[in-house]
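One structure is given here, and the rest of the page talks about it.
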2 protein chains.
Amino acid sequence: MNGKIFIIEDEPSIIQLVQHNLEKEGFLVASSTNGNDGLKDLKKFEPNLLLLDWMLPDLSGIDICKNIRNNSSHKNLPIIMLTAKGEEEDKIKGLDSGVDDYLTKPFSFNELLARIKAVLRRYDPKVVSNSLEFEDLKLNRFEKRVFRKNIEIQVGPTEFRLLEFFLSNPKRVYSRDQILENVWPNNINVESRTIDVHIRRLRKSINIDKTKELIRTVRSSGYSLI
Amino acid sequence: MNGKIFIIEDEPSIIQLVQHNLEKEGFLVASSTNGNDGLKDLKKFEPNLLLLDWMLPDLSGIDICKNIRNNSSHKNLPIIMLTAKGEEEDKIKGLDSGVDDYLTKPFSFNELLARIKAVLRRYDPKVVSNSLEFEDLKLNRFEKRVFRKNIEIQVGPTEFRLLEFFLSNPKRVYSRDQILENVWPNNINVESRTIDVHIRRLRKSINIDKTKELIRTVRSSGYSLI
DNA sequence: TTAATTTGTAATAAATCTGTAACAAATTAA
DNA sequence: TTAATTTGTTACAGATTTATTACAAATTAA
């Protein structure tokens, strides 16, 4: 486990408990005891997940949550709310305001950990694992390996990045411009037709013996992973 | 809302309640009352989310969940577990086995809906937005795909844009001029009769086997989606 | 260094899409 | 009813888009 977790919580004893245990699990942890500081520090820390107390001295957890969801830079930050209230009404409010999960105090650390893993697994699998998958295709970022049907296949560096990009959003159609922007190093100028050639190379590599085509051409729009 | 939700649950009364309400919300719902059938049907249905009962006649929810997580094709299917047991131990087991959330019976439909939305919003934002529908016709901008009765149909780029335009305002009649303005790239000059030909092409594509005509001709005014 | 691999481009082939014209069919007006 | 208007349908040539190949330059490894 290697993600960064930020905690906004006004009870130091809880911070201490959670931080200590999360660090033992391999997370990098930072925290703040009030909402305004938290929102500021959050930006610098760039966590993969936020643990957010419902009741804070200055802002409410819901306020913070909404603030985050409306602020483009951390729009999609997964949030787990810690709450002392137990009523269903509040729970729903929390979930609808964009919270990913909530936990009622007092909670056991194990329960918290399980939820963190579940949310991260769903939201940001690369934090939990560094392998991207789609059907029988697997890409390991860490080892820089690609497999089809568990058989390793060789792809060049550009094809690797290209596949990595497609795997980050399977089924979504990307235009050649979007592909250029995301797969090629910044400010490099390549002919947009060049992409076709790399697509061809990638296809050639990943379509081993009679496996189905995984890259879809969408005429006048671009390409997608099926 | 337009995602597909699959339910594996052995109590017909719950299925009925949930299915009915989810359909009212715009979801496409299918279900199964036991684990083995469920696992099979799941693959055909390709849902965006699974509601899974903890206790089933044949397999346990946990078994099913693990099976899904280990099976490459639906590895990342979001799962919400429905459980009658309330002990924390079980909850953790569920979450660690890859469940995204769980709900303890009895639950209110609103609570369920809130959770479904929360999970989908995080996991599969394109399901929650980005798709246009009218009756049994569906267009996904994200994937650039068109479906009639859940069967994918192929349309050319211009027909896609044309359909996208009609879907943005079903039932409204558009004149050929309006269609030209909105569907064709700016400053391009095409004969207005050309639209008739594209309408014909679009009709041909979306009217698969005996489905009813969806594009209405309004003589001397234009066309509309029924 | 040399050899091997990777990369971008250009050229050409192949596939698909597009607009128009021509005629048929349907509808409305006289 | 006939004539006029509007829409449906088809075929086709030209245009556009994508696939494929070959090759030279650049990069990397040995």
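Throughout, a chain's letter reflects where its sequence line sits, starting with A, and its residues are numbered from 1. These numbers come from the heavy atoms of this one structure, side chains and all, not from hydrogens, waters or symmetry mates.
- The 5' end of DNA chain D is approached more closely, in terms of each residue's nearest nucleotide, by Ile199(B) than by the other of Ile199(A) and Ile199(B).
- The aromatic rings of Tyr174(A) and Phe165(A) lie tilted to each other, with the angle between the two planes from 30° to 60°.
- In the displayed structure, Glu23(B) atom CD is contacted under 6.0 Å by more than 12 heavy atoms of other residues, nucleotides or ligands.
- Here the C1' atom of nucleotide dA19(D) and the CZ atom of Arg201(A) are 13 Å apart, to the nearest Å.
- The interatomic distance linking Glu159(A) (CD) with dT5(C) (C1') rounds to 12 Å, in whole Å.
- Atom CD of Gln16(A) has 12 or fewer heavy atoms from other residues, nucleotides or ligands within 6.0 Å.
- Residue contacts shown for Gln154(B) are absent, as no nucleic acid heavy atom lies under 4.0 Å away.
- The distance between atom CD1 of Ile195(A) and atom C1' of dT20(D), rounded to the nearest whole Å, is 17 Å.
- The distance between atom CG of Leu180(A) and atom P of dT7(C), rounded to the nearest whole Å, is 14 Å.
- Regarding contacts with the backbone of dG8(D), a side-chain N or O of Arg203(B) is found under 4.0 angstrom from either OP1 or OP2.
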Distance-only donor-acceptor pairs under 3.5 Å for side chains of residues 219-226 of chain A, two or more places apart:
from      : atom 1 : to        : atom 2 : distance (Å)
Tyr223(A) : OH     : Arg176(A) : NH2    : 3.2
Ser224(A) : OG     : Arg216(A) : NE     : 3.1
Ser224(A) : OG     : Arg216(A) : NH2    : 3.2

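- A donor-acceptor contact under 3.5 Å links the side chain of Arg219(A) to the base of dT17(D).
- The side chain of Asp196(A) lies closest to dT20(D) when the candidates are dT18(C), dG8(C), dT20(D).
- When rounded to the nearest whole Å, the span between CD of Glu191(A) and P of dT17(D) equals 14 Å.
- Between the CD1 atom in Ile80(A) and the CG atom in Leu49(A) there is a gap of 5.0 Å [rounded to 0.5 Å].
- For Tyr223(A), a side-chain nitrogen or oxygen approaches OP1 or OP2 of dA19(D) to under 4.0 Å.
- Applying the 4.0 Å criterion to OP1 and OP2 of dA10(C), one finds that Arg193(A) has every side-chain N and O outside that range.
- Distances from the side chain of Arg200(A) to the nucleotides dG8(C), dT21(D), dT20(C) place dT21(D) closest.
- Separating the CG atom of Asn189(B) from the C1' atom of dG19(C) is a distance of 12 Å, rounded to the nearest angstrom.
- Nearest to the side-chain atoms of Val197(B) among the listed nucleotides dG8(C), dT6(C), dT20(C) stands dT20(C).
- Here dT7(C) presents its C1' atom at 18 Å from CZ of Phe160(A), a figure rounded to the nearest Å.
- Considering only side-chain N and O atoms, Ser220(B) lies nowhere under 4.0 angstrom from the phosphate OP1 or OP2 of dT6(D).
- Taking only side-chain nitrogens and oxygens, Thr158(A) comes nearer than 4.0 Å to OP1 or OP2 of dT7(C).
- Using a 4.5 Å cut-off on side-chain heavy atoms (C-beta onward), Leu137(B) and Leu163(B) make contact.
- Nucleotide dG8(C) holds its C1' atom 10 Å from the CD1 atom of Ile188(A), rounded to whole Å.
- Phosphate proximity of dG8(C) to Trp184(A): present, with a side-chain N or O under 4.0 Å from OP1 or OP2.
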Self-check item: Pairing pattern in dot-bracket form [Watson-Crick, G-U; both distances under 3.5 Å; | = partner strand] for DNA chain C
Solution: ||||||||||||||||||||||||||||||
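- For Arg176(B) and dT6(D), the shortest distance from a side-chain N or O to OP1 or OP2 is not below 4.0 Å.
- Applying salt bridge (charged side-chain N to carboxylate O under 4.0 Å, His left out) to Glu164(B) and the options Lys144(B), Arg141(B), Arg145(B) leaves one that passes, Arg141(B).
- The phosphate of dT20(C) (OP1 or OP2) has a side-chain N or O of Thr194(B) nearer than 4.0 angstrom.
- Looking at heavy atoms from C-beta onward, Leu42(B) lies in side-chain contact with Ile68(B) at the 4.5 angstrom threshold.
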